[in-house]
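What you are looking at is a predicted structure, and each value in this text was computed from that prediction instead of being measured. One is the number of the first residue; the rest follow in order along the sequence.
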Amino acid sequence: MALLVLTFISMALATLLLVVATARQSAEEKTVSQRMASIHISKKKEGISPEAEQLLKETKTTSRLDEILVRFELMRMLQARIHQANSSSSVGGLLLTSLGLSIAGFAITWLFAPVVFIDLAAGASLGLLPYGMLSFKCAKRVSAFNAVLPEAIDMLARGLRAGHSLVGALEMLAENAQEPVASEFNE
């Protein structure tokens, strides 16, 4: 029984290390995060104009678990990944699903093949499945965005040449462009 508990703990740590290793921010993402953090800090300290405040989008957490998890950098990166994938799940839901699948994979494999290495591998692979699905959705959305972006930029340029203001051209783009460009410019 102690071996089972020990293997579960090591499997959970291995899953966590894999998620941490794959969710690292690039240098550009760190720069953007730092700039956004400075905007949020200045908003809290000195207050900003109502026009600038509309540009900042508040993230709403849905559960107590999400409120606790948002304090950690890894969780903020996962939240950004969920937002990029346009998914309705939360960080807490993603982690609980991952943990549940990990435990289920380990337990089912333990019943059929009680070999610790195989059980850990099955648990870790099933535990990473929700993150893999999220990464797939994110990559698919980014590639769709990149495919439609040249047409959107051309539409924006035509709107500006036609005499629309930048805001008007952006509104036109949000109404008439293909997805996911329309929803991104609509936010």
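For the pair Ala85 and Cys138, the tightest heavy-atom approach, listed with the atom from each and the gap, is CB-N, 3.7 Å. Across His164 and Gly168, no two heavy atoms sit closer than the pair CB-C, 4.5 Å. Across Leu173 and Met155, no two heavy atoms sit closer than the pair CD1-SD, 3.8 Å. Nearest approach of Gly105 to Leu126, heavy atoms of both residues: CA-CD1, 3.4 Å.
Here Ser165 contributes atom OG and Leu170 contributes atom CG; the two are 8.5 Å apart, rounded to the nearest 0.5 Å. Note that OG of Ser89 is 7.0 Å distant from NZ of Lys137, once rounded to the nearest 0.5 Å. From Ile82, atom CD1 reaches atom OH of Tyr131 across 10.0 Å, with rounding to the nearest 0.5 Å. A distance of 8.0 Å separates CG in Asn86 from CD in Glu179, rounded to the nearest 0.5 Å. In this structure, CG in Asp154 is found 7.0 Å from CZ in Arg161, a value given to the nearest 0.5 Å. Between atom CG of residue Leu166 and atom CD of residue Glu171 there is a gap of 10.0 Å, rounded to the nearest 0.5 Å.
Side chains of Ser87 and Leu134 form a contact here, defined as non-hydrogen atoms less than 4.5 Å apart. Side-chain contact between Val115 and Trp110 is absent, with no heavy atoms from C-beta onward closer than 4.5 Å. Side-chain contact between Leu95 and Leu78 is present, with at least one heavy-atom pair separated by less than 4.5 Å.
Atom CE of Met172 is surrounded by more than 12 heavy atoms from other residues, nucleotides or ligands within 6.0 Å.
Val148 and Phe145 fall within a single hydrophobic cluster, where Ile, Leu, Val, Met, Phe, Trp and Tyr are joined by side-chain heavy atoms under 4.5 Å apart, directly or via other members. No single ILVMFWY cluster, assembled from side-chain heavy atoms under 4.5 Å apart, contains both Phe136 and Met133. Linking ILVMFWY residues whenever their side-chain heavy atoms come closer than 4.5 Å, directly or via other members, places Ile103 and Leu120 in the same cluster.
With Ser125 contributing its side chain and Ala122 its backbone, the two residues share a donor-acceptor pair below 3.5 Å. For Ser98 (side chain) and Leu94 (main-chain N/O), no donor-acceptor pair under 3.5 Å exists by modelled atom type.
Of the residues listed (Leu111, Ile108, Thr109), the one engaging Asp119 in a side-chain contact (heavy atoms from CB on, under 4.5 Å) is Thr109, and it is the only one.
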